[in-house]
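For reference, the structure discussed in these notes is given below.
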2 protein chains.
Amino acid sequence: MLKITRKVEYALIALRHIQNNSSGTVASTKEIATTYGIPHQLLAKILQQMGREGLISAVKGPNGGYKISANLNEISLKDFFEKIEGPLGLMDCYFNSDCNQLKACNILTPIQRINQNMRDLFSKTSLQEITQ
Amino acid sequence: MLKITRKVEYALIALRHIQNNSSGTVASTKEIATTYGIPHQLLAKILQQMGREGLISAVKGPNGGYKISANLNEISLKDFFEKIEGPLGLMDCYFNSDCNQLKACNILTPIQRINQNMRDLFSKTSLQEITQ
DNA sequence: TCTATATACGATAATTTTAGTCGTATATAA
DNA sequence: TTATATACGACTAAAATTATCGTATATAGA
């Protein structure tokens with residue numbers, strides 16, 4: 001409960017690795033996968049997604065790989081989580097209101113408050129604070 | 001990702017219902033289950049667990065049910081979550097260090113910091129703030 | 001004392017989510 | 001032309017969550 005997924009974990013590890021790479025060169029999927037023991041194909045898909053989200057950009061072909069293409073200081077952890085995993089909330093009812101199972105939920109209001117606190121926490125933390 | 005489980009959700013709903021019950025009487029599993037559309041047997045197990053944890057106490061037999069037996073003001077949401085779902089952390093490596101898959105995790109330190117922030121958030125919120 | 005109703009609880013099944021793999025296409029440096 | 005790298009949809013496997021089953025025990029009330 002209240003865990004980040006491996007997908008996000010791998011994404012963060014990769015971002016940090018790419019950022020710390022010696023300047024001028026790019027970091028390949030293979031290099032990152034073998035360094036941290038991450039399944040290659042899985043990491044590839046995650047890097048591709050981060051590419052589509054504008055966080056990194058790819059160089060194709062031999063000696064190819066990825067480099068950072070966004071200012072990680074301007075992106076909050078909340079935005080990053082939502083780019084990678086979609087809407088962020090303690091309960092689905094935060095963004096999906098078709099909760100007919102619980103006819104008369106008696107904890108909606110207080111949960112929304114806690115939820116907002118959690119979103120605020122991740123909003124005030126930048127990606128850079130993890131990758132620097 | 002970063003969701004609470006239904007188990008915790010049901011537990012909170014039940015706690016609030018029991019607390020708001022007219023004084024002198026107890027609230028039964030059946031009453032709570034039908035009110036909120038929660039599977040009866042599942043709720044029963046959750047209430048039993050909360051009983052074992054000392055949060056509520058049971059009255060057996062016809063007209064039986066549960067009443068609050070702890071001071072919910074003195075119990076943090078973090079402690080409650082851990083009573084119901086076990087150790088609370090963004091990643092397993094927070095409390096389980098046999099992470100040999102990621103040989104050289106490069107985000108451990110920053111993740112631990114974020115993790116502590118999240119634990120602090122739930123530590124400074126009391127159960128009473130949700131059930132009152 | 002008998003019966004209906006309620007909690008107690010381990011075992012198991014179903015479902016959903018997460019994690020990982022496969023196959024194929026495209027780009028490019030050497 | 002070949003080896004190596006990204007791109008990506010479809011699929012499979014594994015793990016976690018959610019729910020059910022069966023049986024035992026307690027007790028209020030007829």
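Everything quoted here is computed from the prediction, not taken from an experiment. Proteins come first, then strands; the chains are lettered A, B, ... in the order of their sequence lines, and each starts at number 1.
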Quick one: [X] [atom1] to [N] [atom2], roughly how many Å, whole number?
X      : N       : atom1 : atom2 : value
M1(A)  : dT16(C) : CE    : P     : 21 Å
H40(A) : dC22(C) : NE2   : P     : 13 Å
E31(A) : dA5(D)  : CD    : P     : 10 Å
E85(B) : dT18(D) : CD    : P     : 7 Å
K3(B)  : dA16(D) : NZ    : C1'   : 15 Å
L43(B) : dA6(C)  : CG    : P     : 13 Å
E9(B)  : dA19(D) : CD    : C1'   : 15 Å
I84(A) : dA19(C) : CD1   : P     : 13 Å

Between [X] and [N], is there a side-chain N or O to OP1/OP2 distance below 4.0 Å?
X      : N       : value
T29(B) : dT7(C)  : yes
R6(B)  : dT16(C) : no
R52(B) : dA8(C)  : no
Y66(B) : dA8(C)  : yes
Y10(A) : dA19(C) : no

### Query
CD1 of I56(A) to CD of Q49(A): how many Å apart, nearest 0.5 Å?
10.0 Å

## Note on the structure
Here the gap from I18(A) atom CD1 to I68(A) atom CD1, rounded to the nearest 0.5 Å, amounts to 5.5 Å

### Query
NA contact type, G51(A), heavy-atom cut-off 4.0 Å: base, sugar-phosphate, or nothing?
nothing

### Task
Name the nucleic acid region contacted by A58(A), choosing base, sugar-phosphate or nothing; use a 4.0 angstrom heavy-atom cut-off, strictly under.
sugar-phosphate

Measure from the side-chain heavy atoms of [X] and tell me the nearest of [options].
X      : options                  : result
P39(B) : dA19(D), dT7(C), dT6(D)  : dA19(D)
Q41(B) : dA19(C), dG22(D), dA4(C) : dG22(D)
Q48(A) : dC8(D), dT18(D), dA28(D) : dC8(D)
L42(B) : dT6(D), dT20(D), dA19(C) : dT20(D)

### Message
Is there a path of hydrophobic side-chain contacts, each under 4.5 Å between heavy atoms of I/L/V/M/F/W/Y residues, joining V26(A) to I38(A)?
### Response
no

### Query
Got a donor-acceptor contact below 3.5 angstrom from the T125(B) side chain to the F122(B) backbone?
no

### Message
On DNA chain D, compare the nucleotides closest to V59(A) and K45(A); which residue's is nearer the 5' end?
### Response
V59(A)

### Query
Which residue, N63(B) or G64(A), contacts DNA chain D at a nucleotide closer to its 5' end, judged by nearest heavy atom?
G64(A)

#### Entry: NZ/NE/NH1/NH2 to OD/OE distance under 4.0 Å, E82(B) and R119(B)
yes

### Message
Using every non-hydrogen atom in the two residues, find where S76(A) and S123(A) come nearest and quote the distance to one decimal.
### Response
CB-O, 3.3 Å

